[in-house]
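Read the structure below first, then the notes.
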Amino acid sequence: MKTFSVLIVLLASGLWLSPGAVACSGPNDGAGRADLPAFGRESPSPPQDTTRLVLRRVWSGPGVNKTGQPTPDGRYLTFVDWSKNNDVSLRDMQTGEVRLLTDRKGRDPRGINGDLSIVSPDGGQVAYHWLKGPEWELHLVDIDGTNRRVIHNGEGVDWIAPRDWSRDGRQILVSLKDEDEGEWYIGIVSVADGSTRKVRRLGNQGTLTRKLSPRFSRDARHIVYDQVTDEKSGVHDIIIVDADGERESRLVEHEGDDYVLGWVPDTDYLLFASDRGGTLGAWILKVVDGRPAGPPELVKPDLWSAWPMGFAADGSFYFSVKVSTKEIM
């Protein structure tokens, strides 16, 4: 049986949709694109008819992985090609050309390599997770591969990884594990000076699951993330917390499994995945002042096991899924 990933973009048409893309990867991982509605722009509420939403595969094969994010214009995708150099790289989604953003000069016996990466709102910088010997660090690099620098050297943490940028590009939302406590936290790192502030203690939850994906609201006043409500089943609810850590509440609470996909660009609509309908689908929820403004609406059923990779500025959502094939001889 062969396993690889596919990058997929969810496409939709109509007044309620803005041209966009969704990417996905999986056992037969690949990529695609899909447009989502222009929530809050041309329609006051999500449509019930989801037939206009379609998926388009934009990348597939063994080189696809889910460690990166599209640039705001949707032209490029950051990723790490584990089969080759383990560097943080940039793929041109039109031509397939790949350019290195880091350069390890070949494989390194000390285990130096890149990992999770996110693109700044203006498309000019990439923040990425960097393993240097036993230390995980947080680095920045310009989109052309120049001006590489360390913004958190890993001091005091066993692990630190970027999750989201604030809209003004001044803060990076991170998952981190405190070295002394052995506890996981959501934190905020200043791009200017690397100072780090813990926002929310997560206990012993790991952060490599796709379902633990903290995201800033568009005004950076709130952060949404997933929390396991049943350790046996792995079911999650979605939590919202003020960025100062003062107020927290359950934003999406259901017996089904719910996890964050992302905020629709320049809106107060949260896209999330849920299996409450029997199969995993994409749902949308308007959020006002940290609270739901009405019930969630289903916008796309049957998303498979989607790993969110983020939005392009036009509303396109990229996710990856694993697929597999069997050969009968």
Side-chain angles (χ1 to χ4, degrees), residues 4-14 17-26 28-38 52-103 114-128 140-148 162 164-165 169 261-262 264-266 271 282 300 303-304 306-323:
F4 61 91
S5 296
V6 177
L7 184 63
I8 296 176
V9 176
L10 179 62
L11 299 174
S13 60
L17 304 174
S18 62
V22 180
C24 70
S25 68
N28 281 2
D29 289 349
R33 165 171 180 157
D35 292 343
L36 291 176
R52 293 175 298 171
L53 292 170
V54 296
L55 299 174
R56 181 166 67 85
R57 184 177 64 184
V58 297
W59 186 16
S60 65
V64 179
N65 70 43
K66 56 197 176 187
T67 59
Q69 195 177 76
T71 54
D73 60 8
R75 175 66 185 270
Y76 301 97
L77 185 81
T78 62
F79 76 106
V80 173
D81 190 343
W82 302 114
S83 66
K84 293 184 179 178
N85 48 42
N86 289 16
D87 275 298
V88 179
S89 305
L90 197 67
R91 178 183 174 88
D92 188 316
M93 300 305 288
Q94 295 181 10
T95 67
E97 179 185 0
V98 172
R99 176 162 47 86
L100 299 185
L101 295 180
T102 63
D103 190 354
D115 199 350
L116 305 171
S117 59
I118 56 173
V119 184
S120 63
D122 65 2
Q125 300 178 89
V126 175
Y128 59 93
L140 278 181
V141 63
D142 290 353
I143 199 70
D144 61 1
T146 63
N147 196 23
R148 300 184 195 124
D164 197 16
W165 288 78
L261 295 177
V264 179
D266 297 322
L271 188 70
K300 181 62 181 175
L303 276 188
W304 310 296
W307 184 294
M309 297 178 69
F311 280 94
D314 64 3
S316 302
F317 178 67
Y318 290 74
F319 66 94
S320 69
V321 294
K322 281 192 172 183
V323 294

Quiz item: Which heavy-atom pair separates V119 from P70 by the least distance, and what is that distance?
Solution: CG2-O, 3.8 Å

Self-check item: Side-chain heavy-atom pair Y76, V126 within 4.5 angstrom cut-off
Solution: no

Self-check item: Between CG on residue D142 and CG on residue N147, distance to nearest 0.5 Å
Solution: 4.5 Å

Self-check item: Check: F79 and M309 side chains under 4.5 Å, non-hydrogen atoms
Solution: no

Quiz prompt | Pair T67-D115, side-chain donor/acceptor within less than 3.5 Å | solution = no

Self-check item: Heavy-atom pair with the smallest gap, counting every atom of L140 and Y128
Solution: C-CE2, 4.0 Å

Quiz item: Donor-acceptor pair, T146 side chain versus D144 backbone, under 3.5 Å?
Solution: no

Quiz item: What is the minimum heavy-atom distance between T71 and I143, and which atoms define it?
Solution: CG2-CD1, 4.2 Å

Practice problem: Could you tell me which non-hydrogen atom of A282 sits nearest to which non-hydrogen atom of L261, and how far apart they are? | Solution: CB-CD1, 4.4 Å

Practice problem: Using distance alone, with no hydrogens and no angle criterion, decide if D122 and S120 have a side-chain donor and acceptor under 3.5 Å apart. | Solution: yes

Exercise. Quick one: closest heavy-atom pair of P121 and W165, and the distance?
Key: CD-CB, 3.6 Å

Practice problem: Test D103 against R148 for side-chain contact (heavy atoms from CB on, under 4.5 Å), laying out the working first. | Solution: CA-CA 10 Å; D103 190 354; R148 300 184 195 124; 4.1 Å; yes

Quiz item: If you measure from CG on L303 to CG on L55, what distance do you get to the nearest 0.5 Å?
Solution: 7.0 Å

Quiz item: Are the side chain of T102 and the backbone of D87 linked by a donor-acceptor contact shorter than 3.5 Å?
Solution: no

Quiz prompt | Closest non-hydrogen atom pair between A313 and P265, with its separation | solution = O-CB, 3.9 Å

Exercise. Side-chain contact test, heavy atoms from C-beta onward, threshold under 4.5 Å: evaluate it for L100 versus N85 and give yes or no.
Key: yes

Quiz item: Taking atom CG of L116 and atom CD of Q69, what is their separation to the nearest 0.5 Å?
Solution: 10.5 Å

Practice problem: Measure the OG-CG distance between S117 and L77 for me, rounded to the nearest 0.5 Å. | Solution: 8.0 Å

Self-check item: Between CG on residue L271 and CZ on residue F311, distance to nearest 0.5 Å
Solution: 4.5 Å

Quiz item: Are R75 and L90 close enough that some pair of their side-chain heavy atoms sits under 4.5 Å apart?
Solution: no

